[in-house]
Engineer: 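Below is the structure I would like to discuss, written out as structure tokens.
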Amino acid sequence: MAGRFAPTPSGRMHMGNAYAMLAAWLSARARHEPILLRIEDIDAPRAIPDADRWIMDDLTWLGLDWDGEPVYQSQRLGLYEGVFRLLRDADPSPLYPCFCSRAEIRAASAPQEGDRFIIYPGTCRRLLERDPHEVRRRRDAGVRHSWRFAVPPAGAPQSQILFEDRVFGAQNFDLGAELGDVVLRRSDGLFSYQLVVTVDDLLMGVTDIVRGRDLLRSTALQEHVRALLLDMGLADRNRPAARPAYAHLPLLDDAAGVRLAKREHAPDLGALRAQGVRPEQIIGYCAWALGLTDHPQAMEAADALALFSWDAVRAHVDATDARSDADGTGGRVGDDDRSDGRADVRVPDDLPSLLLRL
């Protein structure tokens, strides 16, 4: 098995990133397996110059090493183009052109109850079925379009995706009902996260995937795309890879319950380091957030490794969920998952002061 770090170079790492990176590192090193570093810079407009260097510097500072040279998605565009064409030119093809604007999609769709995930209403899929000549005419005329992946219809056996998560247990998603047809290539030509991550994990031999619970729904889609690519012989021509083992983590939220994110200006590791916070203090806090200790205490990554098991992480989440049910706080459904009842970790506003006291 092999794990992976998969940061997006859109800014400096924050505590939520460090927490997820530690969990991925612990998972791989506990099995004495390699962990790869993949810089997910496929969305070039979001990438910030030198952010990859900051990320690697922070990982090294934290004591989280990786194996081999970093892999940059921006250097694998030819690979993604080949896979895209394999899908587009298949007969029948799982891809179809979509001419809808975002405004049109929002107007025709209703968000899933409890979150903000919008399912595509299938407008251009029906257009292709009803009038393929009109679709060809628009393409020939150069009408701007994305490419969507057609999932099986809601309720169909092929639409049911089951997988086991090491933290949240058995998962079952209906692709047609809960995800809909997703974009695999944007109208500006950029490949989507869903395509490139699936291709990379498959061909890089990644079989240990650790990330936030907000990507549970995406995992179902990626499992489906992965199976299709395997059926089309992609790995046979490159490298076989076993089905990944998944672990989706509760999120680190701010004091208001909003997920820590760069776009929300979450305190980054550069700022914390400038205030005198030591790597052992960050590792210790993240280890506590994973449920490896009863209270935050400074420690090195090797110390956390001695305490780590996925059973411990899952037991901590289950216990937190039980406490939430008992005190009536319940669990909130995330923006992109169904892990209701799984309490996230609230990071206090005075986090730097808390860390410095460890």
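Numbers here simply count residues along the sequence, with the first being 1.
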Engineer: Show, in sequence, the C-alpha distance, side-chain angles and deciding distance for Ile282 and Leu269, and conclude whether the side-chain contact (heavy atoms from CB on, under 4.5 Å) test is met.
Structural biologist: CA-CA 9 Å; Ile282 291 177; Leu269 266 60; 4.1 Å; yes
Engineer: Decide yes or no for Cys98 and Val183: does some side-chain heavy atom of the first lie under 4.5 Å from some side-chain heavy atom of the second?
Structural biologist: no
Engineer: Apply side-chain hydrogen bond (donor to acceptor under 3.5 Å, both in side chains) to His133 and list each qualifying residue two or more places apart in sequence or on a separate chain.
Structural biologist: Arg136
Engineer: Kindly compute the distance separating CZ (Arg226) from CG (Asp201), expressed to the nearest 0.5 Å.
Structural biologist: 7.0 Å
Engineer: Between Asp131 and Arg138, is the closest basic N to carboxylate O distance under 4.0 Å?
Structural biologist: no
Engineer: Counting only N and O atoms by type, is there a donor-acceptor contact under 3.5 Å from the side chain of Ser146 to the main-chain atoms of Arg186?
Structural biologist: no
Engineer: Which pairs count as salt bridge (charged side-chain N to carboxylate O under 4.0 Å, His left out) when at least one residue sits in residues 146-164, sequence neighbours excluded?
Structural biologist: Glu164-Arg314
Engineer: Should Met204 and Arg76 count as side-chain neighbours, where that means a heavy-atom distance under 4.5 Å?
Structural biologist: yes
Engineer: Do Glu223 and Pro244 come within less than 4.5 Å of each other through their side chains, counting heavy atoms only?
Structural biologist: yes
Engineer: Compare all side-chain heavy atoms of Arg38 with those of Asp200 and state whether any distance is below 4.5 angstrom.
Structural biologist: yes
Engineer: Are side-chain N/O atoms of Gln171 and Tyr246 paired as donor and acceptor at under 3.5 Å?
Structural biologist: no
Engineer: Let's go through Leu290 and Tyr19 carefully: what are the C-alpha distance in whole Å and the side-chain angles of both, what is the deciding distance for side-chain contact (heavy atoms from CB on, under 4.5 Å) to 0.1 Å, and is it a yes or a no?
Structural biologist: CA-CA 8 Å; Leu290 288 168; Tyr19 158 80; 3.5 Å; yes
Engineer: Test question: given the 4.5 Å side-chain rule for I, L, V, M, F, W and Y, name all other residues clustered with Ile48, or answer none.
Structural biologist: Trp54
Engineer: Would you confirm whether Arg166, through its side chain, and Ala245, through its main-chain N or O, come within 3.5 Å as a donor-acceptor pair?
Structural biologist: yes
Engineer: Just say parallel, tilted or perpendicular for the rings of Phe173 and Phe163, cut-offs at 30° and 60°.
Structural biologist: parallel
Engineer: Grab the two heavy atoms, one from Pro9 and one from Ile39, that are nearest each other, plus how far apart they are.
Structural biologist: CG-CG2, 3.7 Å
Engineer: Side-chain contact, heavy-atom cut-off 4.5 Å: Arg46 with Asp41?
Structural biologist: no
Engineer: With Val83 as reference, evaluate Leu195, Leu184, Leu202 under the side chain to side chain contact (heavy atoms under 4.5 Å, CB included) test and give the passing residue.
Structural biologist: Leu195
Engineer: What is the distance from atom CZ of Arg31 to atom OG1 of Thr207, rounded to the nearest 0.5 Å?
Structural biologist: 6.5 Å
Engineer: What residue pairs, at least two apart or across chains, pass side chain to side chain donor-acceptor pair (under 3.5 Å) with a residue in residues 55-69?
Structural biologist: Arg12-Asp58, Trp25-Asp65, Arg29-Asp65, Arg29-Asp67, Asp57-Arg273, Asp58-Arg273
Engineer: Would you please name every residue forming a side-chain hydrogen bond (donor to acceptor under 3.5 Å, both in side chains) with Trp310, sequence neighbours left out?
Structural biologist: Ser27
Engineer: Please find the pair of heavy atoms, one from Val135 and one from Pro97, that lie closest to each other, and give the distance.
Structural biologist: CG1-CG, 3.5 Å
Engineer: Measure across Ala312 and Leu292 and return the closest heavy-atom pair with its distance rounded to 0.1 Å.
Structural biologist: CB-CD2, 4.3 Å
Engineer: Are there more than 12 heavy atoms of other residues, nucleotides or ligands under 6.0 Å from atom CG of Asp140?
Structural biologist: yes
Engineer: Side chains of Val151 and Asp181: closer than 4.5 Å at any heavy-atom pair?
Structural biologist: yes
Engineer: How close do Ala6 and Glu40 get, heavy atom to heavy atom, and via which atoms?
Structural biologist: CB-OE2, 3.3 Å
Engineer: Taking the side chain as every heavy atom from C-beta outward, state whether Met21 and Leu62 have any pair of such atoms under 4.5 Å apart.
Structural biologist: no
Engineer: Say you draw a straight line from OG of Ser187 to CH2 of Trp147; how long is it, rounded to the nearest 0.5 Å?
Structural biologist: 13.0 Å
Engineer: Quick one: CG on Leu79 to CD on Gln73, what's the gap to the nearest 0.5 Å?
Structural biologist: 10.0 Å
Engineer: So does Asp349 have more than 12 non-hydrogen atoms from other groups sitting under 6.0 Å from CG?
Structural biologist: no
Engineer: When clusters are formed by joining ILVMFWY residues with side-chain heavy atoms under 4.5 Å apart, either directly or through shared neighbours, do Leu190 and Leu87 land in the same one?
Structural biologist: no
Engineer: Any donor-acceptor pair under 3.5 Å linking the side chain of Ser159 with the backbone of Gly155?
Structural biologist: no
Engineer: Under a 4.0 Å threshold between the charged nitrogen and the carboxylate oxygen, would Glu134 count as salt-bridged to Arg137?
Structural biologist: yes
Engineer: When you look at His248 and Val167, which way does the side-chain contact (heavy atoms from CB on, under 4.5 Å) test go after all the steps?
Structural biologist: CA-CA 6 Å; His248 291 79; Val167 177; 5.7 Å; no
Engineer: To check you understand the geometry: which heavy-atom pair defines the closest contact between Glu178 and Asn172, and what is its length?
Structural biologist: OE2-O, 4.1 Å
Engineer: Please say whether the positively charged group of Arg213, taken as NZ for Lys or CZ for Arg, lies over the ring of Phe168, i.e. under 6.0 angstrom from the six-membered ring centre and within 45 degrees of the axis.
Structural biologist: no
Engineer: Walk me through it: do Cys100 and Tyr120 pass the test side-chain contact (heavy atoms from CB on, under 4.5 Å)?
Structural biologist: CA-CA 10 Å; Cys100 297; Tyr120 179 64; 3.3 Å; yes
Engineer: Within the structure provided, determine whether Phe5 and Ile55 are in side-chain contact (heavy-atom separation under 4.5 Å).
Structural biologist: no
Engineer: Rounded to the nearest 0.5 Å, how far apart are CG of Leu221 and CG of Leu179?
Structural biologist: 6.0 Å
Engineer: I'd like to know if Arg185 and Glu81 make a salt bridge, using a cut-off of under 4.0 Å between side-chain N and carboxylate O.
Structural biologist: yes
Engineer: Where is the tightest heavy-atom contact between Val210 and Ala20, given as atom of each residue plus distance?
Structural biologist: CG1-O, 4.4 Å
Engineer: Can you list every pair that meets side chain to side chain donor-acceptor pair (under 3.5 Å) and has a residue in residues 274-293, with sequence neighbours left out?
Structural biologist: Arg278-Glu280
Engineer: About how many Å separate CD1 of Ile161 and CD of Gln222, when rounded to the nearest 0.5 Å?
Structural biologist: 11.5 Å
Engineer: Has Glu300 got more than 12 heavy atoms of other residues, nucleotides or ligands less than 6.0 Å from its CD?
Structural biologist: no
